[in-house]
Amino acid sequence: MTQQNDPVLITGATSGIGLELLRLYHALGNQVIAHGRSETKLSKLCDQYSGVRSIKADLGDADAVDAMMAQVMADFPDLSLVINNAAIQNDGRMTDAEFSASNAKKEIAINFLAPVLICRAVIMHQIAKRRSRVRIVNVSSGLAFFPKTSSALYCASKAALHSFSQSLRYQLASADAAVAISEVFLPVVDTPMTSARNVRKMSAKLAALSIHDGIEAGQDEIYVGKARWIPLISRISPALMKSILRNG
Ligand SMILES: NC(=O)c1ccc[n+]([C@@H]2O[C@H](COP(=O)([O-])OP(=O)(O)OC[C@H]3O[C@@H](n4cnc5c(N)ncnc54)[C@H](OP(=O)(O)O)[C@@H]3O)[C@@H](O)[C@H]2O)c1
């Protein structure tokens with residue numbers, strides 16, 4: 001359970017679900033460390049929410065992620081919760097003329113490699129310092145299990161994050177590192193990432209609240225909103241689940 005004042009790092013805290021998580025943890029009295037890539041957005045956040053500390057890094061750059069984590073662990077050695085929330089979603093198909101290897105690399109780096117490096121930094125710090133328990137929350141999607149037609153790399157990066165989170169949980173069970181790994185599976189949420197999508201969406205505020213409740217309950221897998229149906233429907237009829245998300 002997160003105590004008042006406990007430091008909480010939220011990546012991608014400048015927008016959508018990350019911003020709502022920032023608002024929630026700030027209101028609960030936690031020391032929020034807001035990560036973003038834009039100085040302007042971060043300084044606006046710090047002006048708006050007193051006591052929030054900011055850290056800037058482009059998560060597409062592995063060296064910048066390592067430098068960010070070295071800074072965070074030095075400034076907040078008692079970090080108790082890390083929410084790997086930032087991600088991007090490139091639309092389109094592999095056959096599109098605009099397909100670009102550098103965009104593909106960037107998407108994989110932000111959505112998958114950055115959370116991996118953040119997990120590694122927290123675990124190594126935890127092993128060295130032997131502090132009380134830390135929870136890392138990797139924000140994923142129902143698309144990790146059942147991909148859609150478009151955004152193939154986004155879906156694949158979320159599937160990779162899911163696989164990685166499971167392996168890491170196994171490793172940590174025997175490593176005595178006092179690090180817990182949670183994953184969040186979200187439905188479509190109303191944020192800038194989904195602004196072009198004309199479907200029913202959950203509010204980002206409600207999504208943040210459900211994520212918080214799952215964290216407080218110590219859940220390894222936090223299914224939010226309609227995503228709660230995934231485990232049941234995929235057991236009864238994987239084909240139905242596939243067809244629901246295929247054009248999602
Ligand atoms: N929205 C949905 O329907 C939905 C569904 C399932 C899962 N999710 C997951 O939920 C999480 C939050 O998504 P969201 O919908 O809230 O997205 P969002 O509103 O687009 O916010 C994404 C955040 O990531 C940051 N970011 C993007 N590229 C970055 C980079 N290179 N370096 C550092 N930060 C970067 C953005 O910074 P800027 O503000 O500077 O752009 C922003 O703070 C993601 O992991 C997403 O995959 C969302």
Side-chain angles (χ1 to χ4, degrees), residues 9-24 32-45 52 54-69 72 82-91 102-115 117-118 136-148 150-151 153-162 165 182-208 210-211 214 222-228 230 245 248:
L9 170 66
I10 304 167
T11 68
T14 52
S15 171
I17 297 157
L19 180 55
E20 291 300 339
L21 285 166
L22 176 150
R23 289 187 173 127
L24 184 55
V32 177
I33 306 135
H35 156 268
R37 60 177 163 167
S38 151
E39 195 72 65
T40 317
K41 287 185 186 179
L42 286 172
S43 64
K44 209 169 135 196
L45 276 185
V52 166
S54 71
I55 185 121
K56 184 179 154 225
D58 177 354
L59 298 187
D61 174 349
D63 292 338
V65 177
D66 286 341
M68 168 181 97
M69 289 313 292
V72 169
V82 176
I83 307 182
N84 275 319
N85 164 76
I88 59 166
Q89 181 173 172
N90 292 331
D91 221 347
S102 77
N103 285 347
K105 273 189 196 162
K106 196 171 153 194
E107 189 168 17
I108 294 166
I110 296 167
N111 295 3
F112 180 57
L113 185 59
L117 296 177
I118 290 170
I136 302 174
V137 179
N138 292 330
V139 177
S140 189
S141 159
L143 298 170
F145 305 111
F146 296 96
K148 60 179 174 177
S150 61
S151 306
L153 281 178
Y154 173 81
C155 299
S157 67
K158 293 298 185 186
L161 188 60
H162 171 50
S165 302
S182 290
E183 293 174 84
V184 174
F185 300 101
L186 291 166
V188 185
V189 180
D190 192 9
T191 70
M193 183 181 275
T194 59
S195 59
R197 299 195 51 203
N198 199 11
V199 293
R200 224 184 141 95
K201 301 170 195 172
M202 183 181 208
S203 80
K205 191 173 182 170
L206 196 53
S210 303
I211 293 170
I222 302 167
Y223 290 89
V224 173
K226 281 197 284 189
R228 274 197 287 256
I230 292 174
L245 288 181

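Note that this is a predicted model, so its numbers are computed, not measured. Each ligand, and each atom within it, is numbered from 1 in the order the structure gives.
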> Which heavy-atom pair separates A204 from D190 by the least distance, and what is that distance?
Replying inline: CB-O, 3.9 Å
> Around K205, counting heavy atoms of other residues, nucleotides and ligands shown, do more than 12 lie under 6.0 Å from its NZ?
Replying inline: no
>> Under 4.0 Å, counting heavy atoms only: does P192 come that close to any atom of ligand 1?
In response: yes
> Relative to atom 5 (C) of ligand 1, which among P187, A86, S141 owns the nearest non-hydrogen atom?
Replying inline: P187
> D66 and side chain to side chain contact (heavy atoms under 4.5 Å, CB included): which partner among L117, I118, D61?
Replying inline: L117
>> Give me the residue, atom name and distance of the protein heavy atom closest to atom 40 (O) of ligand 1.
In response: R37 NE, 3.0 Å
>> Yes or no: does K201 have any heavy atom under 4.0 Å from an atom of ligand 1?
In response: no
> Considering only heavy atoms, which of K41, M193, H35 lies nearest to atom 13 (O) of ligand 1?
Replying inline: M193
>> Students often mix this up, so state it plainly: with edges at 30° and 60°, are the rings of F185 and F145 parallel, tilted or perpendicular?
In response: tilted
>> Is it true that S165 and N138 share a donor-acceptor pair across their side chains at a distance under 3.5 Å?
In response: yes
> When you measure from atom 44 (C) of ligand 1 to every protein heavy atom, which one gives the shortest distance, and what is it?
Replying inline: N85 O, 2.9 Å
> Does the side chain of L186 reach to within under 4.5 Å of the side chain of M202, using non-hydrogen atoms?
Replying inline: no
>> Students should be able to answer this: which protein heavy-atom is nearest to atom 19 (O) of ligand 1, and at what distance?
In response: S15 OG, 2.6 Å
>> With a 4.5 Å cut-off on side-chain heavy atoms, are I17 and I211 touching?
In response: yes
> In the protein, which heavy atom is nearest to atom 15 (O) of ligand 1, and how far is it?
Replying inline: T191 OG1, 2.5 Å
> Between the candidates T11, D58, D61, which shows the shortest non-hydrogen contact distance to atom 31 (N) of ligand 1?
Replying inline: D58
>> In this structure, does ligand 1 have an atom that sits under 4.0 Å from one of the heavy atoms of Y154?
In response: yes
> Which of the atoms of ligand 1 are close to T194, meaning less than 4.0 Å from one of its heavy atoms?
Replying inline: 1 (N), 2 (C), 3 (O)
> Does some side-chain heavy atom of L19 sit less than 4.5 Å from a side-chain heavy atom of L45?
Replying inline: yes
> If you count the atoms of ligand 1 from 1 in the order shown, which ones are under 4.0 Å from a heavy atom of G16?
Replying inline: 16 (O), 19 (O)
>> For atom 23 (C) of ligand 1, what is the closest protein heavy atom, and at what distance to 0.1 Å?
In response: G12 CA, 3.7 Å
>> Could you go through E183 and S140, starting from their C-alpha distance and side-chain angles, then the distance that decides it, and tell me whether this counts as side chain to side chain donor-acceptor pair (under 3.5 Å)?
In response: CA-CA 6 Å; E183 293 174 84; S140 189; 5.2 Å; no
>> Suppose I only count heavy atoms of T14 and a 4.0 Å limit; which atoms of ligand 1 are within that range?
In response: 37 (O), 38 (P), 39 (O), 40 (O), 42 (C), 43 (O)
>> Measuring from atom 48 (C) of ligand 1, which candidate in I17, V189, I10 has the nearest non-hydrogen atom?
In response: I17
> Has A207 got any heavy atom lying under 4.0 angstrom from an atom of ligand 1?
Replying inline: no
>> Does K148 have more than 12 heavy atoms from other residues, nucleotides or ligands lying within 6.0 Å of its NZ?
In response: yes
>> Closer than 4.0 Å to some heavy atom of V139 - which atoms of ligand 1 meet that?
In response: 9 (C), 10 (O), 11 (C), 45 (O)
> Is there a donor-acceptor pair under 3.5 Å between the side chain of K201 and the backbone N or O of T194?
Replying inline: yes
> Short list, please: which atoms of ligand 1 are under 4.0 Å from a heavy atom of I110?
Replying inline: 30 (C), 31 (N)
